[in-house]
Amino acid sequence: MHINYLEDEGKLEDAFNLADINGFHGIELRGFDRYDKMPDREYLELIRNIQKKHPGLDVTFGLCSQFTDNDENTREANAERIISQLKRMKDIFDLSFVNFTAGNVLDPEKEYDDFANQGSGIAREWQWKVSAELMWKVAEAAASLNIQLAIETHPCYLHDTAEAAKKFLELIGHPNAGINFDYGNIFAHPRGETLADALNILKSHIFYFHFKNIIKVGNFCFGTFLDSGMIDHHKYLEIISDWSYNGSMALEFPACGDRILACRKDIEYFREKAGLVNLIRIRNTR
């Protein structure tokens, strides 16, 4: 379960309860305190203390970097902070992978959700170069900890479409850097590939999946329940089942409304669809 099912007020204990009650295997949390109230280690220790009350739940984290920043000192300091946090994570948790983003690329003259004119579409060559170099540095450090970096396909970043993400991986050139395949994000992008094409482009690099659903009206997109959007998750899961994929997956709800209901509906729908295609066995708390 992704933390965005229940995050707005930073209620970590409620999020763990929600994941546990609905039979998830684990929860993806922010790599640093989103509200900047706690030092980095204190934040992780708080999460560990909550996790002890939920022994059936694993945790992983999402780390957002600043590798595209104009200031070299900011970029370097951010890389060191991330490496230090990865070491703390490994010291505190049994962690094998993290979600990752390599820094956004934004045109302040455009709307954030004008995705065609953000991210890889406007990135400068130096941003590709320095981001890839810092990603290699972090990937090497993470490899020494046996932690894989799963770079999320995400609008407004260098890795916003399947082709852009593949280009970025090739520039990084480190086997410990792979992909968090989020087709909802690719689908939302005007240059986003079809599901089949995107999976084909990135298949050999996927470490992790995010599942969400999207409704698109023109260039406007909004999130919805897994069973209600424009992405056919039955077809999606059938393709993955043919690969014999046995890695990690997370459900997301980047939308407004009743998130408690969304969590229950989405896991029940996903459990049914995954069972129909014989993809995974999902823990059932009932």
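This structure is a prediction, so every number in the text was calculated from the model and none was measured. Quick note: residue numbers are just sequence positions, from 1.
- The ring-ring contact (aromatic ring centres under 6.0 Å, His included) search around His159 returns Tyr157, Phe168, not counting sequence neighbours.
- Partners of Thr60 by side-chain contact (heavy atoms from CB on, under 4.5 Å), not counting sequence neighbours, listed by chain and number: Glu28, Leu95, Phe97, Val98, Tyr208.
- No side-chain heavy atom of His54 sits under 4.5 Å from any side-chain heavy atom of Glu13.
- Test Asn22, Leu226, Ile21 against Ile267 for side-chain contact (heavy atoms from CB on, under 4.5 Å) and you get one pass: Asn22.
- Between the side chain of Asp33 and the main chain of Tyr43, no donor-acceptor pair closer than 3.5 Å is present.
- Placement of Phe270 and Leu57 within a single hydrophobic cluster is found when ILVMFWY residues are connected by side-chain heavy-atom separations under 4.5 Å, directly or transitively.
- Partners of Glu193 under the salt bridge (charged side-chain N to carboxylate O under 4.0 Å, His left out) rule, at least two apart in sequence or in another chain, do not exist in this structure.
- Partners of Arg75 under the salt bridge (charged side-chain N to carboxylate O under 4.0 Å, His left out) rule, at least two apart in sequence or in another chain, do not exist in this structure.
- The number of heavy atoms from other shown groups lying within 6.0 Å of CZ (Arg124) does not exceed 12.
- At a threshold of 4.5 Å between side-chain heavy atoms, the hydrophobic network of Ile, Leu, Val, Met, Phe, Trp and Tyr places Phe115 and Trp128 in two separate groups.
- In this structure, Gln118 and Asp107 have side chains that are in contact, with non-hydrogen atoms separated by less than 4.5 Å.
- A 4.5 Å side-chain heavy-atom check between Glu170 and Lys166 finds at least one atom pair inside the cut-off.
- Side-chain rings of Tyr183 and Phe211 stay apart, their centers remaining 6.0 Å or farther from each other.
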query = Run the salt bridge (charged side-chain N to carboxylate O under 4.0 Å, His left out) check on Glu42 and Lys37 step by step: do they pass?
reply = CA-CA 10 Å; Glu42 182 181 331; Lys37 294 179 180 178; over 6 Å; no
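- Checked by atom type, the side-chain pair Asn17/Lys53 shows no donor-acceptor distance below 3.5 Å.
- A salt bridge does not link Asp227 with Lys273: every distance from a Lys NZ or Arg NE/NH1/NH2 to an Asp or Glu carboxylate oxygen is 4.0 Å or more.
- Judged purely by atom type and a 3.5 angstrom limit, Asn213 has no side-chain atom pairing as donor or acceptor with the backbone of Thr224.
- For Asp258, the CG atom counts as densely surrounded, since its 6.0 Å shell holds more than 12 non-hydrogen atoms of other residues, nucleotides or ligands.
- By the salt bridge (charged side-chain N to carboxylate O under 4.0 Å, His left out) test, Lys235 pairs with no residue at all, sequence neighbours left out.
- Looking at His233 and Tyr236, their side chains come closer than 4.5 Å, going by heavy atoms from C-beta outward.
- Of all heavy-atom pairs spanning Leu149 and Val138, the tightest one is CD1-CG1, 3.8 Å.
- Glu163 has no carboxylate O lying under 4.0 Å from a charged side-chain N of Lys167, or vice versa, which leaves the two without a salt bridge.
- Side-chain contact between Leu276 and Leu237: absent, with no pair of heavy atoms (C-beta onward) separated by less than 4.5 Å.
- Ile47 and Ile92 fall within a single hydrophobic cluster, where Ile, Leu, Val, Met, Phe, Trp and Tyr are joined by side-chain heavy atoms under 4.5 Å apart, directly or via other members.
- Hydrophobic clustering, with ILVMFWY side chains joined whenever heavy atoms are under 4.5 angstrom apart, groups Leu251 together with Leu195.
- Without hydrogens or angle criteria, Asp113 side chain to Cys221 main chain gives no donor-acceptor distance under 3.5 Å.
- The shortest non-hydrogen separation linking Ala177 to Ile172 is CB-CG2, 4.1 Å.
- Listed for the Asp160 side chain is a donor-acceptor partner under 3.5 Å among the backbone atoms of Ser120.
- With salt bridges taken as basic N to acidic carboxylate O contacts below 4.0 Å, one links Arg41 and Glu45.
- Within 6.0 Å of NZ in Lys87 there are 12 or fewer heavy atoms belonging to other residues, nucleotides or ligands.
- With hydrophobic clusters built from ILVMFWY side chains whose heavy atoms lie under 4.5 angstrom apart, Leu63 does not share a cluster with Phe207.
- Contact check for Phe253 versus Leu6: no side-chain heavy atoms found under the 4.5 Å cut-off.
- Note that CZ of Phe100 and CD1 of Ile151 are 7.5 Å apart. Values are rounded to the nearest 0.5 Å.
- Phe93 pairs by the ring-ring contact (aromatic ring centres under 6.0 Å, His included) definition with Phe61, not counting sequence neighbours.
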